[in-house]
Structure formats: C-alpha cells, structure tokens
Amino acid sequence: MSFIVRQVAKRADGGDIIRTRTLVQAELTVGRGTDCDIQLADLAVMLRHARLVQITAGKVSVETTGGVPVEVGGKFVTRADLAVAENPTIDIGPFRLSLSPGEDGAVAITAERVVPPIEAADAAHETSIFSLSGAMPTKRRMAWIGGLAVLVLLLLVPLFHFIGEGEPALPQTMVAEAARPVTPGQGFGDGKLSVPTARPAAAGGFAPDESWSSGTLSDAHASLSNNCSACHQKAFVSVTDGACQACHTASALPDHAAPARMAKGRLPDGGVMGAAHSAFNLPQGRCTSCHKEHEGAATVMTVAESFCTDCHGGLKSRLADTAVANVPGWAKHPDFRATLVSSPSADKPVFTRTALAGAREKSGLIYPHDIHQSTTNAVANMAQKQRLPQGADGALPCSYCHKADSDQVRFKPIDMEANCGACHDLAFARDGGTVRTLPHGKPAQVAGIIRDFTLSESFAPRAGVQRLSFDRHLPGKAPPPLPGGNPAARAQAAVVSVFTGKGLCTECHVVTDTGAADLTRRFAIAPVSINDHYLPQGQFPHGKHKSYDAKTGQAACVACHTGVTKSKVSTDVNIPGVANCRECHGAPAKTLLSTTAKAGASCDTCHGFHDGVAPTGALPAGHVQPARVAGRQAAGRSRQTPA
Amino acid sequence: MASKTQASRAMTGKAVTRAPRDTAHEGFLNHKRGRWAKVAITLSVVALGAYLLTDPVPRHNGGTWLGYLLGSIGAGMIVWLSLLGVRKRVIGSKPFSLKGWTSAHVYLGLSLIVVGTLHTGFQLGWNVHTLAWALMMIVILSGLWGISLYATLPERLSANRGEVTQLQMLEAIRTLDRQLDIAAQPLDADDAALVRMSLEDCRIAGSLGQRLSGNYANDGNARALAIIIEKVMTGRRTGRVDDRLEQIEFLLERKEAALAQARRHIRMKTQLELWLYVHVPVTIALLAALLAHIISVFLYW
C-alpha cells in the first residue's frame with residue numbers, strides 16, 4: 001500500500017520542476033494546509049480538501065473532507081471510487097491529480113496546476129491597463145464606423161434617391177397658382193410682394209435628399225420640400241430659368257425689358273466675380289440671380305434695392321436711348337415726370353412725360369377744382385340741396401367724383417352722368433310731369449332735339465310745357481325768351497343758345513362754332529381726355545394712404561395734392577413730387593427705441609419688375625398698356641374718352 | 001514608508017526639481033514666438049471684417065462670394081489639419097518641423113472656428129451641411145480640451161508617478177498579490193475567499209467610467225479590505241487577535257495604496273487620451289461629412 005506523488009511546478013522560464021515522493025501509507029490527505037500529504041497552494045483549495053484511500057489494489061476512493069466537492073470525470077462529487085487502471089483524474093481547484101498504476105502495485109499520483117494562477121497585474125497587460133485601448137473600441141474602428149455611417153446615410157442614400165428619381169411631379173395647385181397673372185397693384189405698398197403665408201405640407205413624406213437642403217424653403221414652395229429634382233433637375237447644373245418657368249409662365253411673369261436691351265443695360269460682371277460666374281456657367285440675369293431659395297419661410301421674393309440700382313444707377317451710360325432716368329437710390333431718386341395729356345382726342349389722345357415743375361395738362365375740359373371745393377359758394381349750396389355727401393368741412397368731398405377702383409390703387413374713370421349729373425343735369429324743359437334732358441356726349445343729337453322741340457312749340461304749342469333755365473346761379477328763374485321771327489330762326493337761336501349760352505355745354509367744354517349750314521354739325525365740342533394715371537411707371541396704392549400725418553379723408557388727399565383747393569383751371573397738375581413721398585418713405589420713425597423707417601423705401605415699394613416691357617422713346621398715343629407685352633394692368637388703365 | 005513618501009510628493013505637486021537646461025524649451029504653443037497664432041488671428045480678423053463689411057441679400061450664407069471663399073479656405077484647412085496624423089508618422093521630414101506643423105495645426109485649427117462658422121452665415125438646420133459644421137466644432141473643441149489637458153496634466157502625472165514606471169507599478173501590485181497568496185494559505189475558507197476576492201476580483205483599471213471617476217469602491221480589493229478590517233477590529237475587541245488576519249490586512253492596505261497610485265496615473269492618462277478618441281474618429285467623420293456637403297451642394301446647385 002503506497003503512493004508515488006509527483007508534484008509538478010512551472011519554472012519562470014517555462015520548464016517544469018518535478019518533485020517525486022513515495023509515501024507508504026494507505027491514505028493521503030490533500031489540501032492547502034502544510035500538514036497535508038499533497039499540498040496544493042491555492043486559495044481555491046481547502047485547507048484539508050480531500051482524502052484518498054487505497055481500498056484494494058488498483059482501486060482508490062476519494063472523499064472530500066472540507067465540504068467542497070471535487071471534480072471527477074466532469075462531475076462534482078463528494079465521494080467516488082476510482083479504478084487506477086483507467087487513469088482517472090481528480091480536479092481540485094486549479095489542480096489536477098492524475099492517477100495511474102505505479103511500480104509494485106503503488107498508485108502514482110501526478111499533481112499539476114492546469115489552470116494558470118491569476119496574475120491580475122500582468123506585465124503583458126500594461127497597455128490595456130494604462131491606455132484607453134483596454135476600455136474603448138480603437139480609434140481606427142470608431143473612425144471607420146463614423147465615417148462610413150456619414151458617407152452611406154448622407155451621401156450614398158440621397159445620391160441613389162436622386163439617380164433613381166423619375167420626372168418630378170409638380171403639385172397641380174402650385175402650378176395653377178403660379179400661372180395666374182399677378183393683378184395690378186397686388187402686393188405693392190409695403191415693400192414686399194405678397195407671398196403665401198400658408199405653408200402647405202409636402203405630400204409623400206420624407207425624401208433622403210432632404211438632408212441636402214441648405215435651409216427652409218419659402219412658404220410658396222413648401223410643398224416641394226421633398227421634391228428636390230423639381231428645381232434641381234440636372235446634377236451639378238445650377239437651377240435653370242426653365243425650372244422656374246415650368247410653373248411661372250412667361251405670360252404670368254413677363255420680361256422686365258426686351259432681353260437684348262436688358263443684356264446691354266446690365267452692369268457688366270467683371271473682375272474675379274465675372275470670371276467665376278463665367279467659369280461655372282452662372283450668367284447674370286437668371287431667376288436665381290435675384291430670387292434666393294432655401295433662405296427661410298418668407299424670403300424667396302426678397303430682392304435687394306441694389307439689384308435694381310445695379311442697372312438703373314447708370315443705365316443711361318450703357319443704354320443711351322433709354323427713356324428712363326438714372327436712379328442711384330431712393331435718396332437720389334429723380335423727381336417724378338408726370339405723364340400728361342398733351343393732346344386730347346376722342347380715340348387717340350397724346351401723352352407726354354413732363355417735369356412736374358410748371359407742368360400744364362391739356363385735358364380739354366374746363367374744370368375749376370376750387371369752386372367745387374368751397375364750403376360757402378353756390379356749388380356748396382347746390383350740393384346741400386341735392387343732398388350730396390358732405391366732407392368733414394362741409395364741402396363736396398374728393399371721393400364724390402374720385403371713386404376708388406376695386407384694387408384701391410387708383411380711381412374709376414370720371415363719368416359725367418354719375419359724377420357731374422346731379423347738378424349739371426342737362427334738363428332743358430318741363431313737359432307735363434316729365435323733365436326733358438339732353439344726352440351727354442352727343443352734340444348732333446342735342447342740336448336736333450332742341451331744334452325739333454323749338455319748332456314743335458312754334459307750330460303747336462302745348463299747355464304745361466315750360467323751358468328751363470340752364471343758369472345754375474339763379475335756380476327756378478325762367479329762361480330769357482327766344483327772339484321773335486320765323487320758327488326756323490327761333491329754332492336756330494335756341495340751338496345756338498344751348499351750345500354757346502351760359503350754364504350748359506360751355507360750363508365745361510370748349511365749343512367751336514364751325515358755321516356749318518347743317519345745324520346739327522355746326523357746333524364742335526373740343527375733345528376731352530381725362531388722365532387716370534399720371535405716374536404709370538410706378539404704383540401708388542391710394543387705399544394704403546387714406547391717412548397722412550394724422551389727417552384722414554379729404555384732408556389726407558389735400559395734404560399731398562396741396563394746390564387742388566385753390567386750382568382755378570384744369571390745366572393745373574396737382575401731382576406731388578418725390579420729396580413728398582420721402583416724408584414717410586425712408587424717413588426714420590420718431591420713436592425712442594426704433595430706428596426703422598416710417599415706411600418702406602425699397603424700389604419694389606412702388607415699382608414692379610415683372611410688369612412687362614416698358615415703352616421706349618417718345619410716348620405714343622395710348623401708350624400705357626398696348627405697348628406692354630402681356631397686357632397686364634389693362635383693366636386699370638382704360639382711356640377716358642371725351643364726353 | 002514608500003507609499004507615504006509618494007503621497008507627500010503628490011501633495012506638493014512637484015516630483016523633482018527641474019534640471020537647468022542650456023536653452024529654454026520652446027513648446028509648440030509659442031513656436032517661433034507664436035508665428036502661427038499671428039497668422040490665425042490675422043485670418044480670423046480678415047474673415048470677420050469681410051463678413052461684417054459685406055451685406056449680401058437676403059442673408060449671409062455659404063452661397064455668397066464670401067461664403068464660397070470662406071468655404072474653400074475652410075475645406076482646404078480641414079484637409080490640411082487632418083494631415084497632421086500623416087505628418088507625425090513621417091519622421092524627420094523637412095523643411096517643416098513637426099513642432100512647427102503642430103503649432104500651425106493648433107492655431108489654424110482654432111481660426112477655423114471663425115472661418116467655418118462665418119461660412120455658414122449662422123444658417124443652421126438639420127442637414128448634412130450643419131452636420132459638417134457641428135462635427136468640425138466638436139473636433140476643434142476636443143482639440144482645445146486636449147491642449148488644456150496637456151498644459152496641466154503631465155506635471156501632475158509625473159508628480160504622482162514619482163520615479164516609478166508603469167511596469168514597476170504593476171510589479172508592486174503583483175508582488176503584493178503573491179505575498180497575499182502566500183499569507184492566506186493558512187486561512188480557513190471564509191478568510192481565504194476574502195483574499196481571493198482581492199486577487200481575482202480586482203481590476204486595476206476597469207471601465208471608462210471607473211477610469212475617469214476614480215471610483216473603485218466596489219472593487220474586490222476594497223471590499224476585501226473593508227471586511228478584513230472589520231474582522232480584525234472585532235478580534236481586537238474580543239482580545240483574540242489573529243496575527244494572520246492582521247498580516248492580510250496590512251498587505252491589503254498596501255495593495256490599496258499601490259492601486260490608488262496606479263489608478264491616479266490611469267485616470268490622468270485616460271484624460272490625456274480620451275480627447276483623441278473624440279478628436280480623431282470625429283475628424284474622419286468630418287472628412288466624410290465634408291465630402292457629402294461639397295458634393296451635395298454642387299450636385300443640387
């Protein structure tokens with residue numbers, strides 16, 4: 001009964017140290033304790049861990065004594081019988097006892113450490129302990145992950161979306177809205193053209209290339225937010241005018257001037273900028289030269305004053321034949337040159353642009369503003385009797401004749417029956433219960449009616465027929481009797497008195513006696529053309545100027561049209577000059593904290609860009625609308641034909 | 001006692017007095033009397049002046065002439081700045097010294113805050129362009145953080161280390177472990193388990209959070225020490241002092257001190273390294289975002 005114990009220890013250089021002992025006894029103690037027959041120096045081993053007993057030759061039992069099991073053949077047991085011939089092993093902590101038959105019936109036991117000792121502080125781990133590589137993924141790995149994530153998500157995915165996208169579908173409502181011509185005067189007056197403030201959501205959800213958007217789209221284009229290729233049609237080609245004009249048709253937004261003249265008048269794009277623009281195929285005068293998108297909700301229409309003055313500041317030097325004066329800026333805006341009637345005509349009036357100082361207009365009408373603005377004279381008296389509207393001062397208000405048009409920009413054409421007829425009623429006789437009146441604007445008819453009326457009264461006078469006086473100063477007074485003589489002479493005298501006497505035609509019109517034999521053709525009325533737009537190159541929305549300097553109503557009108565209450569003749573031109581505008585526009589507001597202008601003073605406060613081609617050279621008759629390409633504003637600029 | 005000496009050294013903050021040098025050391029921050037600082041300041045002032053003196057409509061952004069100019073300069077600078085990683089791997093290249101290159105890297109990198117931000121015109125949003133700007137700012141600010149650490153930490157690192165190398169710190173702990181292992185051999189299972197806790201559940205460095213916070217209260221050695229101290233105290237009160245346990249307590253305390261020194265070292269080294277773990281990978285992400293930014297801008301011109 002003996003055991004041969006071989007304890008194997010590792011040397012520092014990797015070799016083994018084997019100590020062999022022969023113990024002649026039937027029983028061995030195994031444990032960490034120094035008194036054990038097989039000492040296993042590891043704290044995982046109990047002080048007295050197990051006992052090996054040689055039961056018979058070739059048979060050994062193992063029995064734990066410390067309460068901690070041992071591992072035999074992969075199982076944890078507290079007791080086991082082992083056949084030595086089978087070379088069993090017993091694992092205790094990190095040690096393995098291998099049993100085998102020894103010489104002379106002894107049991108050979110090899111004790112060897114099979115789990116290396118824990119070396120928490122291993123020199124090999126210096127890097128992982130002292131550098132962050134032990135606690136984090138490597139920088140290289142993080143760089144790969146981050147860089148690839150950015151490239152895939154923000155470059156490749158949007159790129160494939162762009163490549164795979166077909167023809168863009170434009171929202172129908174947007175196309176229809178854009179193709180609608182802008183009505184005259186829309187959006188003028190506050191320095192900004194009116195743009196939609198509603199922000200329609202883009203249909204179709206998120207598109208990967210939205211991540212390439214450099215900023216918020218304007219409200220007007222918000223529904224294109226996920227439809228980049230609607231505008232960005234070709235890769236690496238700046239947004240073309242064609243993309244804009246797919247919706248904004250030329251008829252809705254006509255050219256500012258003939259393209260050739262625009263090119264000639266434009267300030268040349270020189271120097272580095274010019275070289276850069278030509279190198280990258282970015283010519284001047286594209287839609288996007290002025291209109292910048294992706295700049296926030298309301299900014300696509302924002303155009304700097306300098307865009308206008310870039311050309312108009314020195315236009316004359318580049319476009320010698322232009323009729324437009326140089327305008328370096330609002331402060332140096334030249335005074336207005338009013339477009340005045342220089343030759344009234346029934347169908348072809350001639351207009352001339354004239355400096356305001358000393359300007360006279362030949363409308364062909366006799367109309368003294370002053371007596372119609374009095375508070376005390378016969379006109380005021382008559383207006384009261386007729387129960388016409390009264391201004392705050394008791395006089396006939398401006399708005400009695402000058403009625404705002406539907407856009408509140410200018411005024412409806414003056415109409416004799418509507419605006420003058422209440423007083424200048426053209427009644428010539430009372431025939432029973434009927435007041436006989438003359439038709440306005442038809443001198444031949446008037447002559448005929450008077451002649452026939454006088455003749456019939458001569459041949460068959462009727463009771464209850466009474467001629468009326470035309471003299472407005474003496475209401476109710478009977479007219480002077482017609483001269484005697486034959487009926488034909490009396491009729492002629494009556495016609496002459498209507499056309500030349502006081503109180504009727506000559507009140508307002510210049511009448512010429514042609515001496516023609518035909519009585520209905522004898523008197524010619526000078527043609528009348530009443531101007532309805534003195535400054536047609538700009539827009540002055542009267543509706544936005546109903547109050548001025550705390551004045552309202554009539555006082556506001558007169559505040560600008562200052563001479564009107566004293567104007568004795570219709571040749572007076574009561575259009576205020578540009579200095580009058582500057583009292584508010586561009587003038588600093590008089591508040592303590594604000595330095596903003598009282599009112600906007602950018603070019604587009606008054607002027608439009610896309611208004612069509614303006615006429616050049618001498619202004620032809622009826623110059624305003626027919627000469628402009630698109631026929632816009634025609635409704636607001638119909639000519640007043642002589643009455 | 002060695003640990004006490006080290007502790008007192010750590011208190012003074014000075015490990016050794018500096019040996020006098022023949023020439024004063026000139027760091028990369030004041031290389032050539034701050035030549036690159038002057039260049040960077042000039043660049044920033046010129047960029048800012050151009051930004052303030054121009055009034056593009058409707059607003060400043062990357063699409064104005066100044067925007068394109070600043071963007072081109074900025075993109076070139078970003079690429080050049082990121083090449084420091086290449087340059088520092090090329091030993092002894094002339095004519096520019098690595099110190100000069102580093103100095104330029106730092107100052108031009110800082111001026112990129114001005115150039116890059118003015119390029120945006122402060123028009124920021126949720127898109128690839130702002131991502132590029134944000135990554136650029138992260139890179140620059142992490143660099144700034146790194147420089148500020150380099151200005152203060154190495155001295156403290158040196159003070160904490162004394163004359164001991166990293167390997168020696170590990171060796172000290174390992175030696176104590178061996179002593180503990182031997183001293184624990186006669187112990188019963190419960191006490192042996194405590195020592196095993198110190199030997200097996202002790203992580204010198206631990207996770208990133210532990211490295212930065214220096215909080216190792218749950219580490220095996222600290223827990224084992226706390227329990228052993230308790231046991232020794234109990235033994236002293238009852239008059240049955242276990243010499244073996246006192247020996248273990250002494251060894252655990254020494255190990256804790258050695259660990260503390262190593263961990264202070266690790267904490268500072270972590271700080272010195274961590275900014276680079278932001279700076280470098282984010283730079284690569286920035287280069288990717290910059291590429292996406294430039295391609296997308298001109299693709300959707």
Side-chain angles (χ1 to χ4, degrees), chain A residues 32-34 41-44 46-47 66 68 117-123 125-126 128-132 134-136 139 142-151 154-155 158-159 162 209-216 228 232 235-239 273 276 292 295-296 299 302-304 306-307, chain B residues 57-59 61-63 65 68 123 125-129 131 166-167 170-171 173-174 177 181 184-189 192-193 195-196 199-200 202-208 211 262 265-266 269-270 273-274 276-277 280-285 287-289 291-292 295-301:
Chain A
R32 174 156 46 86
T34 48
D42 187 282
L43 295 179
M46 305 302 290
L47 278 172
V68 176
I118 290 165
E119 301 269 0
D122 192 339
H125 297 138
E126 183 190 353
S128 72
I129 288 171
F130 285 104
S131 85
L132 263 178
M136 288 184 79
K139 292 197 278 283
M142 290 197 291
W144 274 107
I145 292 171
L148 286 177
V150 170
L151 279 182
L154 295 170
L155 183 60
L159 190 63
F162 168 71
D209 47 356
E210 281 182 61
S211 63
W212 288 357
S213 169
S214 64
T216 314
C228 303
H232 302 279
F236 300 109
V237 173
S238 182
V239 173
M273 293 286 277
K292 306 290 184 190
E295 301 287 2
T299 49
T302 306
V303 172
S306 61
F307 280 110
Chain B
V57 170
R59 57 176 294 171
N61 61 26
W65 68 264
Y68 281 123
Q123 188 185 28
W126 297 103
N127 50 48
V128 66
H129 319 294
L131 176 75
Q166 289 182 170
L167 263 182
L170 293 185
E171 197 52 48
I173 295 167
R174 199 178 169 191
D177 276 350
D181 195 38
Q185 296 303 322
L187 296 183
D188 63 27
V195 175
R196 283 181 65 193
L199 297 185
E200 293 166 18
C202 172
R203 297 188 66 193
I204 298 174
S207 68
L208 181 64
R211 287 174 197 238
H265 185 77
I266 287 165
K269 278 208 70 178
T270 298
E273 276 185 60
L274 186 60
L276 266 177
Y277 275 73
V280 172
V282 178
T283 295
I284 302 301
L287 288 172
L291 183 70
I295 288 179
S296 67
V297 158
F298 290 109
L299 202 143
Y300 277 178
W301 208 349

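Letters A, B, ... mirror the listed sequences (proteins, then strands); counts begin at 1.
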Looking at [options], which makes the most heavy-atom pairs under 4.5 Å with chain A?
options: B:A289, B:A193, B:P186; value: B:P186
options: B:Q123, B:H129, B:Q185; value: B:Q185
options: B:G62, B:A205, B:G206, B:S296; value: B:S296
options: B:A262, B:A189, B:A184; value: B:A184

Taking side chain as everything from C-beta outward and backbone as N, CA, C, O, which of these in [X] sits under 4.5 Å from a heavy atom of chain A? Side chain, backbone, both or neither.
X: B:L287; result: neither
X: B:N61; result: side chain
X: B:S207; result: backbone

Heavy-atom proximity to chain B below 4.5 Å, by part of [X]:
X: A:V237; result: backbone
X: A:S131; result: both
X: A:M142; result: both
X: A:L132; result: both

Query raised in the report: So do the side chains of B:I284 and A:V150 get within less than 4.5 Å of each other, counting heavy atoms only?
Result: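 In short, these two side chains do not touch, never coming nearer than 4.5 Å.
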Query raised in the report: Is any side-chain heavy atom of A:K292 less than 4.5 Å from a side-chain heavy atom of B:R59?
Result: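 Side chain of A:K292 against side chain of B:R59, heavy atoms only: no contact under 4.5 Å found.
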**Report entry** Partners meeting side-chain contact (heavy atoms from CB on, under 4.5 Å) with A:L155 (sequence neighbours left out)
**Finding:**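 Testing A:L155 for side-chain contact (heavy atoms from CB on, under 4.5 Å), a comparison that skips the adjacent residues, returns A:L151, A:W212, B:L291, B:A292, B:I295.
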Requested in this report: Could you tell me which residues satisfy side-chain contact (heavy atoms from CB on, under 4.5 Å) with B:Y68, sequence neighbours excluded, listed by chain and number?
Outcome: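 Result, side-chain contact (heavy atoms from CB on, under 4.5 Å) vs B:Y68: B:F298, B:W301.
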Atom pair [atom1] ([X]) and [atom2] ([Y]), whose distance is rounded to the nearest 0.5 Å:
X: A:S213; Y: B:Y300; atom1: OG; atom2: OH; result: 10.5 Å
X: A:K139; Y: B:Y277; atom1: NZ; atom2: OH; result: 4.5 Å
X: A:L154; Y: B:N127; atom1: CG; atom2: CG; result: 9.5 Å

**Report entry** Heavy-atom pair count under 4.5 Å with chain B, highest-scoring of A:P158, A:G146, A:A41
**Finding:**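 Looking at each of A:P158, A:G146, A:A41 in turn, A:A41 comes out on top.
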Report task. Please check if the side chain of B:R211 supplies one atom and the backbone of A:I129 the other of a donor-acceptor pair under 3.5 Å. Result ->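 Yes.
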Query - Polar side-chain atom of A:R32 near backbone of B:L187 as donor-acceptor pair, under 3.5 Å - result: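 A pair under 3.5 Å: yes.
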Query raised in the report: Do the numbers put B:K269 on top of the ring of A:F130, so that NZ or CZ is under 6.0 Å from the six-membered ring centre and no more than 45° off the axis?
Result: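 Ring-cation test returns no.
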Requested in this report: Apply side chain to side chain contact (heavy atoms under 4.5 Å, CB included) to A:L159 and B:L299, showing your working.
Outcome: CA-CA 9 Å; A:L159 190 63; B:L299 202 143; 3.5 Å; yes
